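Right, one structure below, let's go through it.
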There are 4 protein chains.
Amino acid sequence: MQSRTRAPRATGRPRSAAADAAILAATREALVELGWSKLTLGDVATRAGVAKTTLYRRWAGKNELVVDAVAELFDELRLPDRGSLAADIEGVVLQFAAILARPEAACGLMAVVAESTRDDALRARIRTSVVEPQKRLVLQGRERAQQRGELPPESDPAEAARTVDLIFDVVAGAVVHRTLVSAEAADEEWVRGFTRILLVGLTS
Amino acid sequence: MQSRTRAPRATGRPRSAAADAAILAATREALVELGWSKLTLGDVATRAGVAKTTLYRRWAGKNELVVDAVAELFDELRLPDRGSLAADIEGVVLQFAAILARPEAACGLMAVVAESTRDDALRARIRTSVVEPQKRLVLQGRERAQQRGELPPESDPAEAARTVDLIFDVVAGAVVHRTLVSAEAADEEWVRGFTRILLVGLTS
Amino acid sequence: MQSRTRAPRATGRPRSAAADAAILAATREALVELGWSKLTLGDVATRAGVAKTTLYRRWAGKNELVVDAVAELFDELRLPDRGSLAADIEGVVLQFAAILARPEAACGLMAVVAESTRDDALRARIRTSVVEPQKRLVLQGRERAQQRGELPPESDPAEAARTVDLIFDVVAGAVVHRTLVSAEAADEEWVRGFTRILLVGLTS
Amino acid sequence: MQSRTRAPRATGRPRSAAADAAILAATREALVELGWSKLTLGDVATRAGVAKTTLYRRWAGKNELVVDAVAELFDELRLPDRGSLAADIEGVVLQFAAILARPEAACGLMAVVAESTRDDALRARIRTSVVEPQKRLVLQGRERAQQRGELPPESDPAEAARTVDLIFDVVAGAVVHRTLVSAEAADEEWVRGFTRILLVGLTS
DNA sequence: ATATAAACGAGACGGTACGTCCCGTCTTCCC
DNA sequence: GGGAAGACGGGACGTACCGTCTCGTTTATAT
């Protein structure tokens, strides 16, 4: 999740592993209490029981830190096996909605996406750390549906990849918009309606 | 678009109408050049040739100012009459994508949405100023499709309203996600694929 | 004493005159309590009941601030009329020693002199604000002694100027060294001995 | 010069003697280039090719380090034998002025003196390491003048000691003030004038 | 020769102050 | 009374060093 790969240095005091975890946890805590714009790195450092310099030694700024803090939240997504493609989709969409209902996820994610409109490196980091890893869910779902015979095996791999991306944009986009812009809960009823449209569109 | 209602005062120098326009234009210009996080109200005031006090007299802060500045961008959306529901949808989605491709729209909109996750008044303002007015497009599209006989007249008004909201979330969400998160253009090909799924799902 | 001359601006809020005085007083207070090296501008600002920015708007840094704060201390030096040149000198030297015995004068003055060894602009500022104004004491003393007939009128003006500088260096240097390096009080006895040597050397 | 006394340990790696010299030399080099206030111990350690911990193991801080670094500079002072007391004094004063003209001596010495106004231990260290050892010059000079018959043998030892201190304060103070405050070279002409006054005062 | 123990380099650590930037408010003068 | 100008109190920024610490490594002596 954390893309900072550092060759383990041969010499000098090694970095505290505990500090990383404490900082990310403190970041999420601060996001909940203060939101993005009132979150300060000094405050995060204090909450984590860490010096500001330690924080800056590991993350370049607020954006990078929050990406990592938020990314961990989405790692808990799992594709449930509920017996049918529709039910599986509903299950994972509900999980996604549940995560987005958490304030640290919502405000952290939207803030870094907003920032990324002017920062290509940040956008790449978001995709690498947050978005791309979750496409596994779409792939798993399709595979399982194919095994069940609900979907035919794909014939054109390129077309299949495009479809994965399309589905992902539609699902993620719709849930985010419903939750954060329309400010209505993506509850079971809504998810059912949404899934029906999506699935009909895909299987016809 | 601007919710600041001020009773026309009987006495004293009236507020310059030109200043409002200059400030909003300067805000969009600054958004393009600097992005949300580096945009400062002092800079906007300078660009607009206006004192900082004048700006604060009219807007409560950065959020409100940017909402107003961005809202104007979406007012130019029009539902084209291209002969079929599918073509109409494609047309308006392409328009929407074109607006979102402008940096001031993308970064301004996402930033205020991000802020609104912690500020209900701001979210309400966004919905009132930016989102709700555009639902007219969905309504117009459905009406026109019904006149053409492409869609049946709705039987249940409540269900119909829910569908409008669902469509809006799916369309707006998918385009935003495609453009800003996946960072790929919502071009004609993509819009065609997206519209097909949406329409099949809706009409089946 | 304060060399910051600023053309009175036609527009905008004028600078607070009270702030200047409060800052200089706070600086002296902090010098007494903390000394030069532990004196921080943030702390001075707090003591003065002033924002750090206000302080930085008026002084470029710690050095300049302390020069101004210390300079005021030496303005209270007066040449007493005690009836003879020797007594006059003793009187003013004792006054000088008394000021140097104050910790804010000693540590502030020495610190800026130390800094000035690497900063010509600062040295010039010290001379203009602190040192040169006090040469008036030597001039007054000589004039008065000439009126009394204790000293002959000077024949060579250039030589006379050189002598003023020499006397100043000897007096100021000796008192400073006695007080701060040897760390012994420049008391009446010491001043008497010192004045005797100086005066014999000058009048012979 | 270095007051750090450490009991010779029976075992373990002994401290590098070369490191001490390298550190003091690096300190003087850094004083020349950066001056006191911008000199950092980390930088000195780097210049000396030594770890910061090694430096801290031997000196308590910047003050102590610079005292030792500067003290070495004044050890090279020698009382020349130029045939007369006046000439001897002129010679040694010129030497002293030459050392003070070196930036590392001037800025290092003044800085620690400034610090010592708030730190009695530091002042004691300065006197022990830098000042007192040089009083030998005054003693030697008097002794030699007495042998030449230029000065009478002292009658009152206490009075004689007081005179040594007075002379030392006057000489050191005047040269320092001339060089660092008045910022004029203590050249041969000035030294001649100064010595004349001093000597007349002393011998009359 | 080998174990012991201190010195060493490297660099991360908690911490403090820096000087800057911007905030949102205020005070002044001008129209 | 509106508006331009700009000073004000305040808060966070990201950086630079501080002096301490924790590593792994090196280097003398004591066994």
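These numbers come from the heavy atoms of this one structure, side chains and all, not from hydrogens, waters or symmetry mates. In this text, all values refer to a predicted model and were calculated from it rather than measured experimentally. First the proteins, then the strands, lettered A, B, ... as listed; each starts at 1.
- Per the geometry, CG belonging to L55(D) stands 15 Å off C1' belonging to dA10(E), to the nearest Å.
- By the 4.5 Å heavy-atom criterion applied to side chains, W36(C) and E104(C) are not counted as neighbours.
- You'll find the side chain of L73(C) reaches within 4.5 Å of the side chain of R28(C), heavy atoms only.
- Across R118(A) and G35(B), no two heavy atoms sit closer than the pair CD-CA, 3.2 Å.
- Within the 4.0 Å cut-off from OP1 or OP2 of dC8(E), at least one side-chain nitrogen or oxygen of R57(D) is found.
- Residue contacts for T53(D): at a heavy-atom cut-off of 4.0 Å it reaches a base atom on one of the strands shown.
- The interatomic distance linking R47(B) (CZ) with dA4(F) (P) rounds to 17 Å, in whole Å.
- Regarding contacts with the backbone of dA7(F), every side-chain N or O of S16(C) stays at 4.0 angstrom or more from both OP1 and OP2.
- A114(A) and C107(B) get closest at one heavy-atom pair: O-CB, 4.5 Å.
- Note: OH (Y56(A)) to C1' (dG11(E)) measures 21 Å, nearest angstrom.
- Within the 4.0 angstrom heavy-atom criterion, no nucleotide atom of any strand lies near G61(B).
- Remark: the K52(B) side chain and the dG24(E) base include a donor-acceptor N/O pair separated by less than 3.5 Å.
- Of the candidates dA10(E), dC8(F), dC23(F), the closest approach to any side-chain atom of R58(C) belongs to dC8(F).
- Listed for the K62(C) side chain is no donor-acceptor partner under 3.5 Å among the backbone atoms of V112(C).
- The base of dC8(F) lies outside donor-acceptor range of the side chain of R13(C), with no N or O pair under 3.5 Å.
- Nearest heavy atoms, L55(A) versus V50(A): N-CG1, 4.3 Å.
- Comparing V50(A) and A60(C), the nucleotide of DNA chain E nearest to each residue sits closer to the 5' end for V50(A).
- Nearest nucleotide to the R15(A) side chain, out of dG11(E), dA4(F), dC13(E): dC13(E).
- Contact check of residues 28-46 of chain B against DNA chain F (heavy atom, cut-off under 4.0 Å) returns no residues at all.
- The phosphate of dA4(F) (OP1 or OP2) has a side-chain N or O of T54(B) nearer than 4.0 angstrom.
- Considering every non-hydrogen atom in both G108(C) and L31(C), the closest pair reads CA-CD1, 4.0 Å.
- Taking atom CG of N63(D) as the reference point, atom C1' of dC18(F) lies 13 Å away to the nearest angstrom.
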